[in-house]
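Values in this document were obtained by computation on a predicted structure and should not be read as measured data. Sequence lines set the chain letters: A, B, ... in the order given, protein chains first and strands last, and positions in each chain run from 1.
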Amino acid sequence: MILNYPYIKPLRYAVSSNNMKTTSMTLMNAYNLLHEGSLVFADIETHGIRVDLEYVDRKQQELDKLITKETKQLQTTKLYRHWKHSIGGKEPNIYSDTQLRVYLFRIRKLRTENKTNKGLESVDKQTLLEFDLPELNTIIHLRELRKLRTTYLQNFVKEQVDGFIKPIFNLHLVVTYRGSSDSPNFQNIPKRNEEAFDMIRNALFPRKGNQLMEVDFSGIEVSIAACYHQDPVMLEYLTTPGKDMHGDMAAQIFCIEGFDRNCEKHGYLRSAAKNGFVFPQFYGDYYKNNAIGLCRWAELPLRDKWKQTEGVLINDNCSVAANFKRHGIKGFSDFVNHMQKIEHDFWNNRFKVYGAWKLQRIREYQKTGEFRSLTGFKYSWEMRKNQVVNYPVQGSAFHCLLWSLIRVHKILKKRNYQTRIIGQIHDSIVLDVYPPELEAVSKLVKKTTTKALQQEWDWIILPLKVDAELGRVDGSWASLEKYKLP
DNA sequence: GGAACTCGCCAC
DNA sequence: AAACGTGGCGAGTTCC
C-alpha cells in the first residue's frame with residue numbers, strides 16, 4: 001500500500017535566533033523526526049549483524065551439557081527429593097515459579113516479605129538468595145543458563161537468515177516516544193554479567209573484514225533533564241571538570257570526610273550512591289527504599305543496633321557500621337532518618353531548582369492534562385507523577401540519539417561509504433565499520449553527536465559527551481575496547 | 001490447542 | 001500521602 005505522506009522538511013527542526021531565545025519545537029517537528037527515523041530504520045534493518053552459527057551450536061551443546069550436569073546434581077539433594085515427595089513422587093519442574101512457590105512457602109513454610117505484583121510470595125533471584133540454601137543457588141544458576149540458551153542463542157538461530165540476524169527497530173510502541181527492538185531484541189544483549197557477556201557477544205560479528213564500533217552518549221538522561229529544569233547547581237556539576245555529583249552524594253550518605261573517588265573503596269561507595277540513591281531518586285524513588293537497598297549493598301542488617309564490625313569496609317580498618325556510629329547512626333532506623341534528611345536536602349537545597357521544576361511540571365499537568373517535550377511531542381493521557389517528570393526526559397534523550405543516527409546514516413549513504421549503522425540501543429549507535437573509513441566515520445559521528453545536534457536544537461544548553469568503543473577487525477561484539485574518537 | 005496472563009530477567 | 005522510569009521475550013499456567 002502506498003501512503004501519501006505530508007511534505008517532510010529536510011533535517012532542520014528548530015531555528016536558533018541570535019538573542020538566545022529557545023525556539024520551541026512543534027508537533028510537526030516531532031512527526032518529521034519519527035517519519036525520517038522510520039525510513040532510516042527500514043534501511044538499517046536490512047543490514048543486520050553477523051552471527052557465528054557454528055559457535056552458537058557449540059555453545060548450545062556446552063550449555064545443554066552443563067544444564068544436564070547441574071540438574072542431575074540438584075536431583076540428588078535432600079531439598080529436591082523432599083520437593084518431589086511433596087508432590088506425590090512426580091518430577092518437579094525446577095523452572096516453574098508456581099511449583100517452587102508452593103514448595104518453599106506451603107511445604108517448607110519459609111517466609112518472605114518480597115511479593116510479586118499480584119501479591120504472591122516472590123521466587124525471584126533476590127528472594128531465593130536470601131534463603132541462603134545451596135540448592136536454590138543452583139536453581140538460580142540453572143535459570144540463568146536457560147535464559148542464555150533460549151532467549152539469546154536459540155533465538156539467534158531461529159531469527160537468522162544466511163548467517164545474519166536482522167533486528168527490527170520500532171518507533172511506535174513506547175509510551176515515552178523512545179524506540180524498541182524485537183526479532184530478536186537488539187537492546188537487551190547481556191552486558192553486566194561477565195559469563196553471559198562472553199557467551200552471547202562472542203556469537204555476534206561485523207561483516208567479514210570489518211570492525212564493530214559503538215558510540216554512546218554519556219549520562220544523556222541527566223543532561224537532558226538539566227535542559228528542562230536548568231538547575232544551576234546541576235549545570236555546574238555537569239559542566240565543571242572535577243566536580244562529581246555521585247562522589248559528593250557518597251560522602252554525604254556514608255559520612256566520609258576527605259572523599260577520594262580514585263581510592264578503590266571510595267569508588268565503591270560512589271557507585272553505591274549513584275545506583276542506590278541518585279538514579280533511583282531521579283526515577284522517583286524515596287528514601288526508605290534507598291535505605292533498604294543501600295543496607296543490602298553494604299551488608300548491613302535491617303535491624304536497629306548494628307555491631308561495630310558489621311558491613312563492608314570503608315577503609316582498611318573501619319567498617320561502614322563503625323563509621324556510621326561515630327556520626328550517631330546506630331542502626332537501621334537511624335539510617336532511614338539519615339536518608340530522609342539527605343533526600344530533603346537533595347531536592348530542597350542542593351538541587352532546589354530541579355525540585356521546584358518537578359512540582360511545577362506536575363501542577364501544570366494536573367491543570368491541563370497534557371504537556372509537551374522539548375522535541376515537540378505531546379503527552380496527553382493519564383500519568384502518575386513520576387511519569388510526568390520522567391517521560392519527557394526519557395523521550396527527548398532518545399530523540400537526541402535518533403536525530404544523530406538519521407544524520408549519520410544519510411551522510412554515510414550520500415558518501416557511498418561501506419560502513420553501516422546496524423543498530424541502536426536507546427543512547428548508543430552500533431556501526432559495522434569498513435576499516436579504511438574508520439577515521440572519517442569517527443569524525444562524522446563525533447561531529448554529529450557533539451556539534452551538529454546542538455546547533456540544530458538550541459534547547460540543548462550544555463555540551464553532550466559521547467564515549468566510543470571499537471572492536472578488532474573481524475572481532476566479535478565481545479572484543480570492543482575503549483576508543484578515543486578523533 | 002491457542003490466547004491471555006503472570007513472572008522473572010535481560011537491556012537502557 | 002505515596003513512593004523506581006521504559007521495553008521484549010521465554011516459560012509456565014490458566015482459561016476458553
Side-chain angles (χ1 to χ4, degrees), chain A residues 92-102 114-128 139-140 142-156 158-159 167-193 195-197 199-201 214 216-222 224-225 275-293 336 339-340 343 347 358 362 379 383-398 401 423-430:
Chain A
N93 181 348
I94 58 166
Y95 302 106
S96 162
D97 300 335
T98 315
Q99 290 187 31
L100 183 57
R101 184 173 294 120
V102 169
N114 305 339
K115 294 285 172 357
T116 69
N117 274 336
K118 290 283 165 194
L120 305 174
E121 290 103 332
S122 181
V123 290
D124 64 5
K125 179 174 178 176
Q126 186 201 302
T127 308
L128 298 191
I139 289 177
I140 291 168
L142 280 165
R143 278 182 184 172
E144 286 168 357
L145 297 178
R146 181 149 103 155
K147 168 102 178 165
L148 300 180
R149 161 86 219 232
T150 58
T151 302
Y152 301 106
L153 300 182
Q154 189 176 293
N155 208 23
F156 289 169
K158 188 182 104 190
E159 295 285 353
I168 305 297
F169 294 95
N170 311 295
L171 286 172
H172 63 298
L173 294 178
V174 181
V175 65
T176 60
Y177 299 112
R178 248 197 192 181
S180 71
S181 165
D182 62 71
S183 310
N185 183 352
F186 189 72
Q187 298 176 321
N188 71 347
I189 309 291
K191 189 162 191 180
R192 293 163 200 166
N193 178 298
E195 187 188 12
F197 177 100
M199 185 180 303
I200 306 305
R201 294 195 179 225
E214 194 167 346
D216 70 294
F217 282 108
S218 57
I220 188 154
E221 285 201 20
V222 177
I224 295 309
N275 300 314
F277 178 77
V278 178
F279 282 144
Q281 283 285 334
F282 287 163
Y283 284 138
D285 203 3
Y286 82 121
Y287 63 92
K288 194 167 177 197
N289 278 343
N290 300 153
I292 293 169
V336 172
M339 292 309 298
Q340 185 174 14
E343 180 188 276
W347 293 113
K358 292 209 301 181
I362 291 163
Y379 299 71
M383 282 168 274
R384 296 190 297 275
K385 291 177 186 177
N386 290 338
Q387 296 173 321
V388 171
V389 176
N390 289 330
Y391 281 8
V393 173
Q394 191 183 96
S396 303
F398 169 66
L401 186 280
Q424 154 272 128
I425 312 172
H426 307 304
D427 68 352
S428 71
I429 299 177
V430 183

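- Note on A/Asn188: a base of the nucleic acid sits closer than 4.0 angstrom, heavy atoms only.
- The CD1 atom of A/Ile425 sits 4.5 Å away from the CD atom of A/Glu214 when rounded to the nearest 0.5 Å.
- Using a 4.0 Å cut-off, no side-chain N or O of A/Tyr287 falls inside it from OP1 or OP2 of C/dA3.
- Two residues are said to be in side-chain contact when any heavy atoms from C-beta on lie closer than 4.5 Å; A/Tyr286 and A/Gln340 fail this criterion.
- With contacts defined as side-chain heavy-atom distances shorter than 4.5 Å, the pair A/Glu221/A/Phe279 does not qualify.
- Remark: A/Lys288 NZ is loosely packed, at most 12 non-hydrogen atoms of other residues, nucleotides or ligands lying under 6.0 Å away.
- One finds no side-chain N or O of A/Ser181 lying less than 4.0 angstrom from the OP1 or OP2 phosphate oxygen of B/dA11.
- Among the atoms of the strands shown, none is found under 4.0 Å from any heavy atom of A/Phe279.
- The CD atom of A/Glu221 sits 13 Å away from the C1' atom of C/dC4 (whole-angstrom rounding).
- Within the 4.0 Å cut-off from OP1 or OP2 of C/dA11, not a single side-chain nitrogen or oxygen of A/Asn93 is found.
- The nucleotide whose nearest atom lies closest to any side-chain atom of A/Lys385 is, among C/dA3, C/dA1, C/dA11, C/dA1.
- Among the protein residues, A/Val393 comes within range of no part of the nucleic acid, since none of its heavy atoms lies under 4.0 Å from any strand.
- At the heavy-atom level, A/Arg149 lies nowhere under 4.0 Å from the strands shown.
- When heavy atoms are screened at a 4.0 angstrom cut-off, A/Lys288 is found touching no nucleic acid atom at all.
- Straight-line distance between the P atoms of B/dC12 and C/dC4: roughly 22 Å, to the nearest whole Å.
- Within the 4.0 Å cut-off from OP1 or OP2 of C/dT6, at least one side-chain nitrogen or oxygen of A/Gln387 is found.
- Contact annotation for A/Val389: no contact, since no heavy-atom pair falls under 4.0 Å across all strands.
- At a threshold of 4.0 angstrom between heavy atoms, the contacts of A/Asp216 with the nucleic acid are absent.
- Side chain of A/Ser122, nearest nucleotide from C/dT13, C/dG5, B/dG8: B/dG8.
- Contact annotation: A/Thr116 does not reach the phosphate of B/dG8 (side-chain N/O to OP1 or OP2, under 4.0 Å).
- Comparing C/dG12, B/dC9, C/dT6 by their closest approach to the side chain of A/Arg143 singles out B/dC9.
- Among the protein residues, A/Phe186 comes within range of no part of the nucleic acid, since none of its heavy atoms lies under 4.0 Å from any strand.
- Applying the 4.0 Å criterion to OP1 and OP2 of C/dT13, one finds that A/Gln99 has a side-chain N or O inside that range.
- Out of B/dC10, C/dG7, C/dA11, the shortest distance to the side chain of A/Tyr152 is found at B/dC10.
- Within the nucleic acid shown, A/Ser428 has no heavy atom closer than 4.0 Å to any nucleic acid atom.
- Counting to the nearest Å, the P atom of B/dC9 and the CG atom of A/Asn114 are 12 Å from each other.
- Relative to the side chain of A/Lys147, the nucleotides B/dC10, B/dC7, C/dG10 differ in distance, and B/dC10 lies closest.
- Here the side chain of A/Thr151 is nearest to one of C/dT6, C/dG8, C/dG10, namely C/dG10.
- Look at A/Lys191 and you'll find a side-chain N or O under 4.0 angstrom from OP1 or OP2 of B/dC12.
- Contact between the side-chain N/O atoms of A/Arg146 and the OP1/OP2 oxygens of C/dG10 is not found at any separation under 4.0 Å.
- Comparing C/dG8, B/dC7, C/dT6 against the side chain of A/Leu120 picks out B/dC7 as the nearest.
- Remark: A/Asn185 is not in phosphate contact with B/dA11, judged by side-chain N or O atoms under 4.0 Å from OP1 or OP2.
- Distances shorter than 4.0 Å separate some side-chain N or O of A/Arg192 from OP1 or OP2 on B/dC12.
- Using a 4.0 Å heavy-atom criterion, one finds that A/Pro190 contacts the sugar-phosphate atoms exclusively.
- Aromatic ring pairs are classed by plane angle as parallel below 30°, tilted from 30° to 60° and perpendicular above 60°; the pair A/Tyr379 and A/Tyr391 is tilted.
- The side chain of A/Thr98 contributes no N or O atom lying less than 4.0 Å from OP1 or OP2 of C/dG12.
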